[in-house]
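What follows is one structure encoded as structure tokens, with my remarks underneath.
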Amino acid sequence: MSYVNGLKCRECGRVYQKEPLHVCEFCFGPLEVIYDYDRIKYVLSREVIEKRPKNMWRYRELLPIDGDPQVGRDVGYTPLVRVNNLAKVLGVKNLYIKNDSVNHPTLSFKDRVVATAITKAIEFGYDTMACASTGNLANSVAALSSEGGVKSYIFIPADLEKSKILGTLIYGTNLIGINGNYDDVNRLCSEIAANYKWAFVNITIRPYYGDGSKTFGYEIAEQLGWRVPDNIVVPVAGSSLITKIWKAFKEFEMLGLIGKVNTKVFAAQASGCSPVTTAIKEGRNFIKPVKPNTIAKSIAIGNPADGYYGIKTVKESGGYGEDVTDEEIVEGIKLLARTEGIFTETAGGVTVAVTKKLIEQGRIKRDELTVISITGNGLKTQEAVAEKVGSPIIIEPRLSSFQERFGGKI
Ligand SMILES: *Cc1c(COP(=O)(O)O)cnc(C)c1O
Ligand SMILES: [Zn+2]
């Protein structure tokens, strides 16, 4: 049972059938999935959602699939945790972490978009998946393609973190490293996509893929007791996630599942790759592409596909954009680990450090309810902190050796 009416151009409004398309044939604007909200309103209530299993498919009427999910049955419904220790250090009262560092199966929010994209691709009849990735997408496409019994070709910048490469190869995919940055990879993939009948999850079927991210927003609203936060801080790469969280909140409002949305959406980037936050600071509504140079590789996209809409989302919500240096990113990772016992990757270090900055600037206020988006796991980007955590104390396997080092008697 599908509640999808078709696709619609975000620029000129032209409507298309439910097909594997991603740009408007007339104005080259990006396409967006359109849903039959009148019918959804009739079937989807808080009670209906609450009775369903705790995974992302509890919102399935708002996802662009026709049948049952083909892969990733356990994706989503990750913890939303109140973080009082971190709140105290940052000087606020009402702080939460949405923790996708423990999302299944590959420990990042990308499992949400990929489970949606692969299910849709299988429905369209594709037998081969592909993607251009900064790392987490590679892990997820490889894993979920194995689960779905489909082939996969994955394209990455050749210099990615070791764990992201190993965590892709292990699933037996075709992994292609490109001598270049993500934007070079993406450009090449657009050409390959035009020549091969493959479902490039974030190119060929991007409108369907992107809507998987909405579940990150739905869950936050449900987990807060059917309301939205005053502020949300979101790491930005291609700008898909940030726009879809906003779309999720607005859809819930429209469906009457929550009250009026007055959330401020804040974009977080690394200073070494900040095309979106720089545009916001300079009051521009267009992107000036940059060449990435940061340890936050998972969000290092110099020419973001949805950058324009990312800026628009932030402006419409009354939020702002900030960026942080590589040192601040490392401090952000360590701060979250030491205060809350959550080990996030570099993108999470970005959101924690940006949140700190926004609080210091007074843009996030002491009494407001703020959610920090943690989108990936620290075990995948160990290089970033390897030299910054010290080393174990080595002793001989004897009590005296321990006492020599630590003194005292047991
Ligand atoms: C991909 C990614 C993002 C940002 O995603 P976009 O939708 O491209 O903006 C954020 N965090 C992590 C860990 C990611 O892998
Ligand atoms: Zn158009």
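Whatever order the structure lists them in is the order used to number ligands and atoms, beginning at 1.
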Metal-centred angle, the Zn ion (ligand 2) as apex - SG of Cys27, SG of Cys24, 10° resolution: 110°

Worked verdict on Lys120 versus Gln70 for side-chain hydrogen bond (donor to acceptor under 3.5 Å, both in side chains): CA-CA 9 Å; Lys120 195 67 218 172; Gln70 301 282 331; over 6 Å; no

Arg363 to Phe266, cation-pi by 6.0 Å centre distance and 45° axis angle: no

Charged tip of Arg112 within 45° of Phe109 ring normal and under 6.0 Å: no

Min heavy-atom dist Ser108 to ligand 1 below 4.0 Å: no

Atom NZ of Lys291 with >12 non-hydrogen neighbours under 6.0 angstrom: no

Heavy atom of the protein closest to atom 11 (N) of ligand 1 (residue, atom name, distance): Thr375 OG1, 2.7 Å

Distance filter under 4.0 Å to Glu345 heavy atoms, resulting ligand 1 atoms: 13 (C)

Geometric N/O contact Ser298 with ligand 1, under 3.5 angstrom: no

Metal-centred angle, SG of Cys9 through the Zn ion (ligand 2) to SG of Cys12, rounded to 10 degrees: 110°

Full working for ring-ring contact (aromatic ring centres under 6.0 Å, His included) between Tyr59 and Tyr218: CA-CA 8 Å; Tyr59 316 102; Tyr218 298 146; 5.1 Å; yes

Atom 7 (O) of ligand 1 [closest protein heavy-atom partner, distance rounded to 0.1 Å]: Leu241 N, 2.8 Å

Identity and separation of the nearest protein heavy atom to atom 6 (P) of ligand 1: Gly238 N, 3.6 Å

Per atom 9 (O) of ligand 1, closest listed option by heavy atom (Ser101, Ser239, Gly376, Ser133): Ser239

Validation row, ring centre Phe124 to ring centre Tyr208 under 6.0 Å: yes

Ligand 1 contact on Asp306 by region, counting heavy-atom pairs under 4.0 Å: neither

Protein contact of atom 14 (C) of ligand 1 - nearest heavy atom, named by residue and atom, plus distance: Lys110 NZ, 2.9 Å

Check: Tyr126 ring centre within less than 6.0 Å of Trp198 ring centre: no

Test of proximity, Ala237 against ligand 1: N or O pairs below 3.5 Å: yes

Enclosure of Gln361 CD (heavy-atom neighbours >12, cutoff 6.0 Å): yes

